[in-house]
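These notes are about the structure you will find just below.
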Number of protein chains: 2
Amino acid sequence: MTRTETAAATRRALVRAASDLLDEGGPGAVTLREVGSRAGVSRGAPYGHFENKDHLLTELAINAWNSLADEVEQTRTAPTPQARLEQAVLAFIGMARRQPHRYALMFSTPASTPAAAEAADRLERNFLALIADVVGEPDAPRWCALLMSSAHGIAGMELSGHLAKDKWQVSVEQLVRMLVNATRHP
Amino acid sequence: MTRTETAAATRRALVRAASDLLDEGGPGAVTLREVGSRAGVSRGAPYGHFENKDHLLTELAINAWNSLADEVEQTRTAPTPQARLEQAVLAFIGMARRQPHRYALMFSTPASTPAAAEAADRLERNFLALIADVVGEPDAPRWCALLMSSAHGIAGMELSGHLAKDKWQVSVEQLVRMLVNATRHP
DNA sequence: CACTTCATATGACGTTGTCAACTAAGCTGC
DNA sequence: GCAGCTTAGTTGACAACGTCATATGAAGTG
């Protein structure tokens with residue numbers, strides 16, 4: 001391996017280590033020392049690849065945005081526009097359930113870098129396209145704002161335990177159906 | 001002042017200092033050392049009143065929940081049930097705008113203590129009562145779950161900057177109106 | 001006044017993010 | 001193939017932090 005290749009590999013290993021630590025132990029477990037250690041380098045090595053701990057976390061957030069954008073993009077399999085939209089909303093909640101810390105990180109800070117903004121934009125474009133198929137082009141933006149917000153809200157309430165144990169006599173899946181159903185009445 | 005009185009005053013000063021620091025500089029600014037300093041005591045003093053830094057933060061969260069519950073409770077002034085509901089949803093968003101860090105703290109962790117759970121419950125009961133006036137008792141719980149989640153989602157999206165600068169050609173107030181309007185079509 | 005109790009103060013320890021200085025390995029041109 | 005530069009990586013150091021064990025002193029009690 002050439003020098004720049006090993007450097008790139010180290011960088012990938014650092015991101016991977018940080019991502020694993022976040023998933024396993026939450027934000028408090030992401031320590032530059034431990035990240036370096038898991039990547040097989042020393043505690044100071046990350047500073048050769050990231051200006052900051054924040055910059056490393058931002059990269060994790062970008063990956064999360066892209067991963068969610070991919071998932072929304074792959075709802076093309078569902079038969080009807082409503083079903084696709086339902087699946088897209090459930091993608092938010094599914095990610096929040098599977099990787100709660102990763103999901104929380106996405107929204108922990110305003111998209112600070114151009115790359116982060118672009119990743120978020122990609123998700124929003126995908127979502128917007130799905131919604132346009134349901135409510136039509138002109139109304140799509142407002143419904144997109146509302147449905148993404150609500151999807152995020154359901155995910156967040158689920159994360160913080162406020163939708164637990166049928167306190168509301170309703171499942172998250174039913175909530176999503178109610179939400180998508182609302183688009184049929186302008 | 002008797003001894004227990006001064007102790008209670010110190011405790012209040014600690015909570016107040018922590019609250020101020022949170023509002024002013026975000027969670028990173030809340031340092032036990034600085035909290036003690038602002039309350040006029042030393043860095044170790046908080047441990048006489050709170051087991052932990054987390055316990056102090058939990059108390060801040062409880063105060064936030066209660067404050068939001070109060071605000072929702074005071075929507076009785078609005079004329080129609082729909083207007084009251086709209087106002088309640090806007091209370092979430094208003095608090096997120098005025099005190100973003102405080103708002104984020106409320107949802108940062110599952111209600112860890114009985115006191116925190118009770119504070120959250122109070123808000124939920126108030127919200128539920130408002131909704132029952134709009135959709136009727138039987139459907140109130142599900143709509144409460146959906147509307148609180150959506151209110152929280154809009155607040156969160158606003159906080160993280162994803163509803164900024166009429167990217168969606170819609171104001172937050174219009175989003176809330178669309179949301180409340182959705183309750184009219186079961 | 002002697003004794004207890006308890007809020008507060010202080011010293012200490014381990015951990016963390018960060019930086020400056022250093023090392024060594026790879027790449028370049030001759 | 002060797003001298004010189006470039007650069008990824010290491011190490012020592014520092015300040016700030018949460019936390020605890022211990023010390024202190026004043027308020028309360030008999």
Side-chain angles (χ1 to χ4, degrees), chain A residues 1-62 101 104-105 108-109 112-113 116, chain B residues 1-62 101 104-105 108-109 112-113 116:
Chain A
M1 269 203 294
T2 161
R3 182 161 47 155
T4 58
E5 279 172 353
T6 62
T10 299
R11 197 193 139 97
R12 272 192 302 275
L14 288 169
V15 172
R16 172 62 175 273
S19 184
D20 288 351
L21 283 168
L22 179 66
D23 285 344
E24 292 167 17
V30 183
T31 290
L32 284 189
R33 283 164 157 85
E34 183 64 19
V35 166
S37 173
R38 287 219 188 181
V41 292
S42 77
R43 65 180 195 271
Y47 288 92
H49 301 272
F50 303 94
E51 189 177 329
N52 236 326
K53 183 183 182 181
D54 270 349
H55 282 61
L56 171 55
L57 292 178
T58 297
E59 181 130 341
L60 294 191
I62 292 173
H101 304 296
L105 179 65
S108 70
T109 171
S112 34
T113 74
Chain B
M1 266 199 297
T2 162
R3 182 157 49 153
T4 58
E5 281 172 351
T6 62
T10 299
R11 198 193 138 99
R12 272 192 302 274
L14 288 169
V15 172
R16 173 63 175 275
S19 184
D20 288 349
L21 283 169
L22 180 65
D23 284 345
E24 292 167 16
V30 183
T31 289
L32 284 189
R33 283 163 156 83
E34 183 65 20
V35 166
S37 174
R38 287 220 189 180
V41 292
S42 77
R43 64 181 195 270
Y47 288 93
H49 301 271
F50 303 93
E51 188 179 331
N52 236 325
K53 183 183 182 181
D54 270 349
H55 281 60
L56 172 54
L57 292 179
T58 297
E59 181 131 341
L60 294 191
I62 292 173
H101 304 296
L105 180 66
S108 69
T109 170
S112 35
T113 75

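Owing to the predicted nature of the structure, the values given are computational and were not obtained by experimental measurement. Letters go in sequence order (proteins before strands), and every chain restarts at 1.
Within 4.0 Å (heavy atoms only), V30(B) reaches sugar-phosphate atoms of the nucleic acid but no base atom. Heavy atoms of G48(A) sit nowhere under 4.0 angstrom from any nucleic acid atom. Here S42(A) lies in heavy-atom contact (under 4.0 Å) with a base.
Side-chain proximity of K53(A) to dT8(C), dG18(D), dG17(C): nearest is dG17(C). Checking dC17(D), dT19(D), dA13(D) against the side-chain heavy atoms of Y47(B) singles out dT19(D) as nearest. Checking dT19(D), dA7(C), dT16(C) against every side-chain atom of A7(B), the shortest atom distance belongs to dA7(C). Set against dT18(C), dG12(D), dA12(C), the side chain of L32(A) has dT18(C) as its closest nucleotide.
As rounded to whole Å, 16 Å separates atom C1' of dG17(C) from atom CZ of F50(A). Taking atom CD of E51(A) as the reference point, atom P of dT18(C) lies 10 Å away to the nearest angstrom. To the nearest angstrom, P of dA13(D) lies 10 Å from CZ of R43(A). For the pair H49(B) NE2 and dC20(D) C1', the computed distance is 17 Å after rounding to whole Å. One can place NE2 of H55(B) at 11 Å from P of dC20(D), the figure rounded to the nearest angstrom. We find that CG of L57(B) is positioned 14 Å from C1' of dC17(D), with the value rounded to whole Å. Spacing between atom CG of D54(B) and atom C1' of dC17(D) amounts to 14 Å, rounded to whole angstrom units. Per the geometry, CZ belonging to R33(B) stands 11 Å off C1' belonging to dA12(C), to the nearest Å.
A side-chain donor-acceptor contact under 3.5 Å links S108(A) to the backbone of L105(A).
When every heavy atom of A45(A) is checked against every heavy atom of H49(A), the shortest pair comes out as O-CD2, 3.6 Å. The shortest non-hydrogen separation linking L57(B) to V30(B) is CD2-CG1, 4.1 Å. Contact detail for E59(B) and V15(B): the closest heavy-atom pair is OE2-CG2, 3.9 Å. Annotation for A39(B) and A17(B): closest pair N-CB, 4.3 Å, computed over non-hydrogen atoms.
Side-chain nitrogen and oxygen atoms of T2(A) include none within less than 4.0 Å of the OP1 or OP2 phosphate oxygen of dG26(C). Residue N52(B) places none of its side-chain N or O atoms closer than 4.0 Å to OP1 or OP2 of dG18(D). Taking side-chain N and O atoms only, T31(A) has no distance below 4.0 Å to OP1 or OP2 of dT15(C).
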